[in-house]
Every structure is written in structure tokens, then in C-alpha cells.
Protein chains: 2
Amino acid sequence: MAIKNVKEQIIKAATKEFLASGLEGARMQAIADKAGINKALLHYYFESKEKLYFIVLKAQFSDMIAGLLQTFGSEEDFEPWLKHLIRTVLKEITSRPHFSRFMLWELNAQKKQLPRLFQELLKERMQGSFMQKIQAKLDQTAAAAYPAEQFLLNVLSLCIYPGLARPLLEQVLGKELFASKDFITAREEDIFQLIKYGILERKRAEI
Amino acid sequence: MAIKNVKEQIIKAATKEFLASGLEGARMQAIADKAGINKALLHYYFESKEKLYFIVLKAQFSDMIAGLLQTFGSEEDFEPWLKHLIRTVLKEITSRPHFSRFMLWELNAQKKQLPRLFQELLKERMQGSFMQKIQAKLDQTAAAAYPAEQFLLNVLSLCIYPGLARPLLEQVLGKELFASKDFITAREEDIFQLIKYGILERKRAEI
DNA sequence: ATTATCTTTAACTATATGGTTAAGAATAAC
DNA sequence: GTTATTCTTAACCATATAGTTAAAGATAAT
């Protein structure tokens with residue numbers, strides 16, 4: 001049976017197309033081409049563009065959330081936990097080069113449906129309060145009472161933005177930078193140090 | 001003569017529409033509506049969607065770059081300079097809520113034209129090497145030899161990402177957070193502290 | 001072999017949208 | 001008052017694209 005194979009190929013192709021071009025920008029013909037089939041067969045398996053779109057999206061959300069939430073809640077001391085966290089976010093982001101870009105764009109364009117879908121999946125996967133866990137981790141350290149929201153913003157910003165703005169930054173910083181293999185590992189270490197010293201040492205200095 | 005008035009209104013409307021929806025997603029009818037005129041008059045003043053698009057874009061790029069480059073090159077000591085820099089980036093970003101989002105999306109979609117336009121404007125406005133100035137500033141401090149690229153990435157990430165991901169983050173952190181007036185000022189201070197301690201104290205600790 | 005399922009081909013419909021056109025109305029310039 | 005410019009109306013064209021359809025071919029299941 002070639003069924004599942006083709007369905008899988010369609011989803012794969014559709015994922016690429018939707019993440020690269022959004023719902024409006026995506027072309028059903030392009031999806032069919034990428035999947036190596038024709039439009040008629042595409043509609044034989046999937047009713048409409050919208051249906052296919054939400055199937056793709058749900059899968060993407062789930063994958064992403066799964067990897068992240070697990071790491072956020074892991075039972076480690078602060079420093080190894082932070083390192084682990086940074087590495088995971090960087091890995092999840094770089095392994096899905098178009099996902100965050102897509103999210104930021106599409107969450108604004110399709111403002112009714114996507115936030116709801118996202119919210120549902122978050123609730124489904126998240127047991128207990130997520131922010132409280134982060135706060136608890138912080139409270140084990142010299143940075144006790146440092147707000148978990150700021151912490152989360154810092155980690156996400158530092159990990160996600162560079163990959164997001166890569167095409168832009170390459171114009172300013174030069175094409176070579178991001179291409180270098182060491183860059184991500186160097187970046188990983190730098191983010192760790194920045195947050196460690198930026199939060200812990202600041203608190204120590206304040207006392 | 002009502003000419004300039006209408007042209008201005010069209011540009012204003014087009015800017016909104018293009019930044020919100022991109023080149024493909026923007027609708028000429030929507031631009032005409034927003035400008036309070038009809039499609040015929042729109043084409044009476046502007047040949048085509050593409051032409052209008054690039055006029056809008058060039059203006060936006062110029063505005064943005066102007067404000068930023070000035071601050072980056074200002075002659076101040078490190079700490080006031082950093083504070084000034086962070087404040088300016090935050091201001092430029094929050095005053096153009098759709099611009100960075102648009103850039104990240106569209107730079108990828110229209111990959112030939114936009115980077116070239118961006119590059120041209122950067123060269124035009126930038127005298128002397130931009131990164132070298134940043135490095136010079138860093139070298140005045142305890143963080144001498146801290147790479148200017150990492151520094152720039154850190155500042156931009158921390159300032160730009162939260163505004164960018166706001167709709168997403170509000171799902172996780174709650175709607176109230178960003179709405180609060182103090183949030184931006186608190187964020188401004190936190191970014192400053194984070195970079196100051198994260199870079200300077202780290203270097204001191206390493207010695 | 002026969003049947004059910006999968007797949008292609010190719011023409012077709014419906015709709016949205018960028019852009020045009022021509023006639024005329026309103027407004028300014030002279 | 002006459003002319004040139006600005007603006008509206010409303011119909012129109014061309015094109016792109018989501019989706020359909022019908023007929024036939026290929027492949028697997030029985």
C-alpha cells in the first residue's frame with residue numbers, strides 16, 4: 001500500500017511550503033510538485049488548503065512544544081539546567097529554520113485560529129504552572145526573586161533572534177559568521193555566561 | 001493643490017498595509033480604502049503595486065537606519081552609550097510595531113530585491129566601519145576584546161525579540177505583562193544590567 | 001480474473017485581484 | 001469663461017489559483 005507513503009510526502013511537502021510562505025503565500029500546485037504528485041491526488045487525500053494547513057501546524061506545534069517543555073521542567077541544579085535549556089532551545093530552533101519566523105508572521109496574520117490552537121496544545125502538554133517551575137529554579141540561586149518573566153524573555157531572545165534575523169544580520173556582519181561551525185557552540189557558551197553573570201553577579205553586586 | 005496630500009495619504013495607507021501583510025498579502029483595494037480614495041486614482045498616482053511597495057520600503061529603511069546608526073556611533077563613555085543604545089533601539093522598534101516582523105518575513109520571501117536595497121542604504125549612510133566603532137567602545141572597558149558581533153547580537157536580540165514575539169508570549173505569560181506601562185522601562189533597565197554584568201563582570205571573573 | 005483502490009491527465013469552474021478604460025464630475029489655474 | 005488637472009464611477013480585461021470532474025490507466029487485494 002502506497003497510501004501512507006504518499007500522505008507522508010504530502011505533509012512533508014506542505015510543511016515546507018507553508019512554513020516558507022504562510023497560508024496565503026503557499027501554492028497547492030507547489031505542494032503537489034514537491035510531493036511528486038498532481039493536484040487532483042492532493043485533493044483526493046486532503047479536502048482543502050485550510051484543512052491541510054491546520055494538520056501541518058498542529059504537528060509542528062506539538063513537536064516543538066514537546067522538546068521544550070521537557071527541558072524547562074527537568075530536575076537539575078541551576079547552572080546545568082540553564083546550559084541544558086539553552087542548548088535545547090538552540091537545537092529546536094536551528095533544526096526548524098523556518099518555524100519561528102513563520103510563527104511570528106502568521107500568528108499576526110491569522111490572529112483568531114493560531115493562538116487558540118497554540119493555547120490548546122500548551123494546556124494539553126503542560127501540567128502545573130510552567131512559570132512557577134522557572135521561578136523555583138531561580139530561587140535556588142543568588143538570583144532569588146529575579147523575575148521569571150524577564151528570565152524567560154532573556155533566554156528566548158538570545159537563542160531565537162539571531163537565527164531569525166540571520167539573513168538580515170549577514171548583510172551587516174558578513175556572510176561568513178553564521179556559516180562557521182563553531183559559531184553556534186560559541187554562541188551557546190556566550191549566552192550561558194551572559195545570563196549567569198548578568199543575573200547572578202548583578203544580584204551579588206546589589207547586596 | 002490637493003496632490004501632495006493625497007499622495008501622502010496613499011503612502012501612509014500603503015505603509016500600513018504592506019508592513020502588516022507583505023507584498024503578496026497586501027491588497028491594492030485595501031490601500032485605496034485606507035487612503036479614502038478609489039483604485040483608479042491609486043493607479044493614477046502610482047504605476048503598480050511593486051513600484052509603490054519599493055517607495056514605501058525605501059522610506060521605512062531610511063528612517064530606521066538613520067535613528068540607529070547615529071546612536072551606535074555617538075561619542076560617550078561605555079555605560080551611558082550602552083544605555084542610550086538600548087533606549088534608542090527599543091524606541092525605534094516599539095514605534096514601528098510591524099517593521100521588524102515584516103523585515104524578517106519579507107527578507108526571506110523577496111530574497112533578491114530587499115537585501116540589495118538594504119545594503120545600498122546601509123552603505124550610503126554608514127561612513128567608516130560600524131563594527132569597528134562598537135569594538136572600540138568595548139575595548140575601553142573591562143570587557144576589552146569581547147567580540148563586537150556577540151555584543152551586537154545580544155543587544156539586538158534582547159531589544160527586538162520580545163516585541164516581535166509579543167502575541168506569542170502573551171499566550172504564555174498572560175496578556176497583562178506587555179500592557180503595563182512600566183514594562184518597557186523595566187525591560188530597558190534589565191537589558192542594561194544584564195549586558196553590563198554579563199560582559200564586564202564575566203571578564204573580571206575570568207582574570 | 002475481477003474488483004477496489006490509487007493515480008494521472010487534462011479540461012473545466014469559480015473567484016480574487018492587479019490593472020485598465022472611458023466618460024464624466026469636481027476643482028483649481030489661467 | 002475656458003482650460004488643465006484631479007477625482008469618481010463602473011464596467012471591463014487578464015491572470016493566477018483553489019478546487020472539481022470525468023475518463024482512463026496503474027497497482028494492489030481478493
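Order of the sequence lines fixes the chain letters, A, B, ..., with proteins taken first and strands second; residue numbering starts at 1 for each chain.
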Donor-acceptor contacts, no H, no angles, side chain residues 115-122 of chain A, under 3.5 Å, sequence neighbours left out:
none

Checklist entry - Of all the choices, D:dA18, D:dG19, D:dT6, which nucleotide is nearest to the side chain of B:Y44 once you look at every atom? => result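 Nearest to the side chain of B:Y44 among the choices is D:dT6.
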Checklist entry - Nearest of C:dT7, D:dC7, C:dG18 to any side-chain atom of A:V6? => result C:dT7
Checklist entry - Looking only at side-chain N and O atoms, does B:R27 come under 4.0 Å of OP1 or OP2 in C:dG18? => result yes
Checklist entry - Between B:F151 and B:W81, what is the ring plane arrangement, given parallel below 30°, perpendicular above 60°, and tilted in between? => result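 Rings of B:F151 and B:W81: parallel, as their planes differ by under 30°.
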Next on the checklist: Nearest whole Å is fine: how far is D:dA18 P from A:F46 CZ?
Outcome noted: 16 Å
Note: [X]-[Y] ion pair, threshold 4.0 Å (strictly below):
X      : Y      : answer
B:R166 : B:E170 : yes
A:R96  : A:E92  : yes
A:E17  : A:R27  : no

Checklist entry - Heavy atoms under 4.0 Å, any strand shown: does A:A32 hit a base, just sugar-phosphate, or nothing? => result nothing
Item to check | Set of ring pair (Phe, Tyr, Trp, His ring centres under 6.0 Å) partners for A:F18, sequence neighbours left out | outcome: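 Only A:Y53 meet the ring pair (Phe, Tyr, Trp, His ring centres under 6.0 Å) criterion with A:F18.
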Check the interface with nucleotides 8-10 of chain C: list each N/O to N/O pair with the protein under 3.5 Å, or write none.
residue	atom	partner	partner atom	Å
C:dT8	OP2	A:N38	OD1	3.3
C:dT8	OP2	A:N38	ND2	3.4
C:dT8	O5'	A:N38	ND2	3.3

